[in-house]
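Since the structure comes first, as structure tokens, the remarks are kept for the end.
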Protein chains: 2
Amino acid sequence: MFVYFITMTEEKKDTEQTIKEAAKKIFLVNGLKGARMQAIADEAGINRAMLHYYFRTKDKLFEVIFSDAMTEMNQRMGAIITSDLPILKKIEHFVHGYSESAISNPEFDLFIINEFRQNPTYFDEMMKTSNAGTVIKGFASEIEKAIDKKEIVGNPNQIFLSIIALCIFPFAAKTMVRTMLGHSEKQYTKLLEERKDFLMQFIIKAITP
Amino acid sequence: MFVYFITMTEEKKDTEQTIKEAAKKIFLVNGLKGARMQAIADEAGINRAMLHYYFRTKDKLFEVIFSDAMTEMNQRMGAIITSDLPILKKIEHFVHGYSESAISNPEFDLFIINEFRQNPTYFDEMMKTSNAGTVIKGFASEIEKAIDKKEIVGNPNQIFLSIIALCIFPFAAKTMVRTMLGHSEKQYTKLLEERKDFLMQFIIKAITP
DNA sequence: AATATGTTTAACAATTTTGTTGATGCAAAT
DNA sequence: ATTTGCATCAACAAAATTGTTAAACATATT
């Protein structure tokens, strides 16, 4: 009996979790309007009515997935905070940290970029209040300070933009780049792994005086 | 009478053109499934039936816009071909050429990235046959040669990926970056303009021995 | 065994979106 | 002035998509 209880609870959670994972997969690729509830149900291997039973509406389900994604974004950006390291070490910490989490969830980057465009006001608000917002602005101003101290050279905004471009683009445009290079999934994953180290050398060369 | 004839013809073409421009705007932001015919009609300021009158179905209308986008992509990538310049000049030519065309059509980049993901096989095919495909592979192999000749240093694929990341990302993730930097549309446009020159210095420093 | 509780499903209803058609207008040709 | 041919629109029909419900099912509690 006790065993049954555990089993049942686990299976219940499993359904909800299964739906969330399926929904994440579909929403991340198709966006809110582009996604179909049936596609999510198929992905989860369950009846479509279950989606409504657990999450009421498409919008509410999306909201859950979206919040999770935001939390993840805050965590990723949090990788920058490492208090009192010199700027190059800080950049290195960010590059490695970002790459690590992007490798484990490579669909995420493009989703965020798309959502930003579709819902700019939401993110405007978020930048003012959230962890990510503070971190990003802090990072940008640290770059500025380092330039003042002649530790690195260039325009602060351009440098900031370049660093995140080099980090994010390989994941956001994964399929495109992979196709351009004629790489298999495996080859490209290897490229991304190796990139962590390549990038630091590349960036350091580019910004040190 | 002659004047009337001209006027009428122009207005007819205008409607079709108006629809195409509106459709481009909507499809580029929302994708095929995410776009709504009513949204396109509203954007064009005409009755929705007109879309069907001129283009039959949503799919066919999308196909037209998509083909145009592919043509543009081929043209952009063609900016690389400048026959016998040294590698750094060739890169410079690409960076400037790409930035120029991206500034005039900034929604395009993210659209292509998204379509690549949604329809990988289509692009796989395209890379084998099209202008863009040849150009991209040629560019990648030129970088490889230059590395052999010790003109530049690094891994060829990483360098190729880095160059296109630095060029494309600022447009693809425009809204995101703009929000992160707290820039207005105007400020960000200025940043993109200035970036043409910044980028070349950045890239040269990063890849010369 | 009977009951209660939450889960699942198929069928249905409502809504949204796409696609069609017949009536109307408008300029050019006769 | 009448006719012709295309463009436009409002209203309608069809299809796709989302949301609801009542009944069946499973499992734990009594």
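Chain naming here is simple, since letters A, B, ... match the order of the sequence lines and numbering starts at 1 in each.
Classification of the B/Phe66-B/Phe62 ring pair by plane angle, with boundaries at 30° and 60°, yields parallel. Using a 30° and 60° split on the angle between ring planes, A/Phe116 and A/Phe123 fall in the parallel class, below 30°.
In summary, the side chains of B/Glu125 and B/Thr121 do not present any donor paired with an acceptor at a separation below 3.5 Å, with no hydrogens or angles considered.
Side-chain nitrogen and oxygen atoms of A/Thr15 include at least one within less than 4.0 Å of the OP1 or OP2 phosphate oxygen of C/dT8. Using a 4.0 Å cut-off, no side-chain N or O of B/Tyr53 falls inside it from OP1 or OP2 of C/dT20.
Relative to the side chain of B/Met50, the nucleotides C/dT8, D/dC9, C/dT18 differ in distance, and D/dC9 lies closest.
Atom NZ of B/Lys25 is surrounded by 12 or fewer heavy atoms from other residues, nucleotides or ligands within 6.0 Å.
Within a heavy-atom distance below 4.0 Å of DNA chain C, the residues of residues 56-68 of chain B found are B/Thr57, B/Lys58. A heavy atom lying under 4.0 Å from DNA chain C marks the following residues of residues 22-49 of chain B, by number: B/Ala35, B/Arg36, B/Met37, B/Arg48, B/Ala49.
Using a 4.0 Å cut-off between a side-chain N of Lys or Arg and a carboxylate O of Asp or Glu, B/Lys89 and B/Glu92 qualify as a salt bridge.
Rounded to whole Å, the distance from NE2 on A/His52 to P on C/dA13 is 17 Å.
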Exercise for review: Please assess A/Asp197 against A/Gln201 for the test side-chain hydrogen bond (donor to acceptor under 3.5 Å, both in side chains), listing each intermediate value before the final yes or no.
Suggested key: CA-CA 7 Å; A/Asp197 294 323; A/Gln201 294 183 330; over 6 Å; no
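Considering only heavy atoms from C-beta on, A/His183 comes within 4.5 Å of B/Asn157 through its side chain.
For A/Glu115, the salt bridge (Lys or Arg N to Asp or Glu O under 4.0 Å) criterion is met by no residue, not counting sequence neighbours.
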